[in-house]
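Below is one structure; the comments refer to it alone.
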Amino acid sequence: MKTQYYTAASLDGFIATEDHSLEWLFSLSDINQSSYPEFIEQVGAMAMGSSTYEWMLRNADTINAQMGSPWPYTQPVWVFSHRVLSKIPHANIHYVQGDVREHHQQMIAAASDKNIWIVGGGDLAGQFYDAGLLDEIIIQVGSVTLGKGQPVFPRRVLSPALKLKSVQQMGEGMVELRYDLTNN
Ligand SMILES: NC(=O)c1ccc[n+]([C@@H]2O[C@H](COP(=O)([O-])OP(=O)(O)OC[C@H]3O[C@@H](n4cnc5c(N)ncnc54)[C@H](OP(=O)(O)O)[C@@H]3O)[C@@H](O)[C@H]2O)c1
């Protein structure tokens, strides 16, 4: 079982524009031709911040068209927020806040030997990293730049550097980088 931050970023390190748009991403790759189907098969629990969750609420139609459902996850999802968020009927969602360590234990129990996916954003992934709970970072780097936006991983990681485990080209539009953090 691993705790993995799996995301897509622009070449200059942003996972969304300043106004939380992902339009730049959709033209770069077909999710069904990526590592995603194999990746999600191994995910037993997930975590996301409120901006990511609210993006899913706002873009339910797009998600439905791409994934066949506006809330395409069968796995339990922990949504982090200090606010009361709109609920999605029948979705298996835990609305939580505070120290990620307290919730990680519950995610492990719920994932039953599968992996835990930190969906994003970058700072939430950073909170798991700060607590020593992040095992892998998997980033699809798109061949575009945004100039500004929501950062992929707003942390300083210098020494030891991350260990690059694999590089997978996905056409001309993307490259997937996998980093192992287990000895960081
Ligand atoms: N490119 C990709 O593949 C990809 C993947 C994932 C997400 N995204 C996009 O990237 C953007 C990420 O937005 P973001 O950087 O703002 O990150 P986010 O993690 O989605 O949301 C951050 C917010 O979550 C809440 N939060 C975070 N940690 C918390 C904690 N420990 N306890 C309680 N609340 C906590 C806080 O808001 P409140 O307390 O005010 O609720 C915080 O401002 C979104 O637009 C999303 O759609 C892109």
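One-based numbering, in listed order, for ligands and for the atoms of each.
Summarising the geometry, atom OH belonging to Tyr95 is positioned 2.5 Å from atom OH belonging to Tyr53; distances are rounded to the nearest 0.5 Å. If you take CG on Asp130 and CD on Gln127, they are separated by 7.5 Å, rounding to the nearest 0.5 Å.
With Ser69 contributing its side chain and Trp71 its backbone, the two residues share a donor-acceptor pair below 3.5 Å. Distance alone, capped at 3.5 Å, places no donor-acceptor pair between the Tyr73 side chain and the Ile93 backbone. At distances below 3.5 Å, at least one donor-acceptor pair connects side-chain atoms of Lys87 with backbone N or O atoms of Leu85. Using modelled atom types, one side-chain atom of Ser143 and one backbone atom of Glu172 make a donor-acceptor pair closer than 3.5 Å.
Remark: ligand 1 atoms within the under-4.0 Å shell around heavy atoms of Ala8 are 1 (N), 2 (C), 3 (O). Taking a cut-off of under 4.0 Å to the non-hydrogen atoms of Trp55, the atoms of ligand 1 that pass are 47 (O). Residue Gln97 approaches ligand 1 through these ligand atoms, each under 4.0 Å from one of its heavy atoms: 32 (N), 33 (C). Near Leu22, with a cut-off below 4.0 Å to any heavy atom, the atoms of ligand 1 are 1 (N), 48 (C). The atoms of ligand 1 that sit less than 4.0 Å from any heavy atom of Ala16 are 9 (C), 10 (O), 11 (C), 45 (O).
Polar contact check, Leu124 against ligand 1: no nitrogen or oxygen pair lies under 3.5 Å apart. Residue contacts with ligand 1: Val96 is placed with no nitrogen or oxygen under 3.5 Å of a nitrogen or oxygen of the ligand (distance criterion only). Checking only distances, Thr52 does come within under 3.5 Å of ligand 1, N or O to N or O. For a threshold of 3.5 Å applied to N or O pairs, the pair formed by Ile15 and ligand 1 contains at least one separation below that value.
Of all protein heavy atoms, the one lying nearest to atom 32 (N) of ligand 1 is Gly98 N, 3.0 Å. Remark: minimum distance from atom 22 (C) of ligand 1 to any protein heavy atom is reached at Ser51 OG, 3.8 Å. From the protein, the heavy atom lying nearest to atom 37 (O) of ligand 1 is Ser50 OG, 3.1 Å. Atom 33 (C) of ligand 1 has His82 CE1, 3.2 Å as its closest protein atom, hydrogens excluded (heavy atom only). Protein heavy atom nearest atom 6 (C) of ligand 1, with residue, atom name and distance: Val119 O, 3.2 Å. Nearest protein heavy-atom contact of atom 41 (O) of ligand 1 is Ser81 OG, 2.5 Å. Distance from atom 19 (O) of ligand 1 to its nearest protein heavy atom, with residue and atom name: Gly121 N, 2.7 Å. The closest protein non-hydrogen atom to atom 29 (C) of ligand 1 is Phe80 CB, 3.7 Å.
Scanning His20, Gln140, Gln127 for the heavy atom closest to atom 11 (C) of ligand 1 points to His20.
If you look at Phe153 and Tyr129, their ring centroids are closer than 6.0 Å.
Under 4.0 Å from ligand 1, not a single heavy atom of Met56 appears.
Between the side chains of Ser51 and Gln150, no donor-acceptor pair is found at a separation under 3.5 Å.
Judged as a ring pair (Phe, Tyr, Trp, His ring centres under 6.0 Å), and not counting sequence neighbours, the contacts of Phe80 are His103. In this structure Phe39 satisfies the ring pair (Phe, Tyr, Trp, His ring centres under 6.0 Å) test together with Tyr6, Trp117, sequence neighbours excluded.
The nearest protein heavy atom to atom 43 (O) of ligand 1 is not closer than 4.0 Å.
Considering Leu177, Asp180, Val157 as possible partners of Leu162, the one that fulfils the side chain to side chain contact (heavy atoms under 4.5 Å, CB included) test is Val157. When the options Gln97, Arg83, His82 are evaluated for a side chain to side chain donor-acceptor pair (under 3.5 Å) with Ser50, the one that passes is Arg83.
Under a 4.0 Å heavy-atom criterion, Arg83 is in contact with ligand 1.
Taking each heavy atom of Thr3 and Leu133 in turn, the nearest pair found is CB-O, 3.2 Å.
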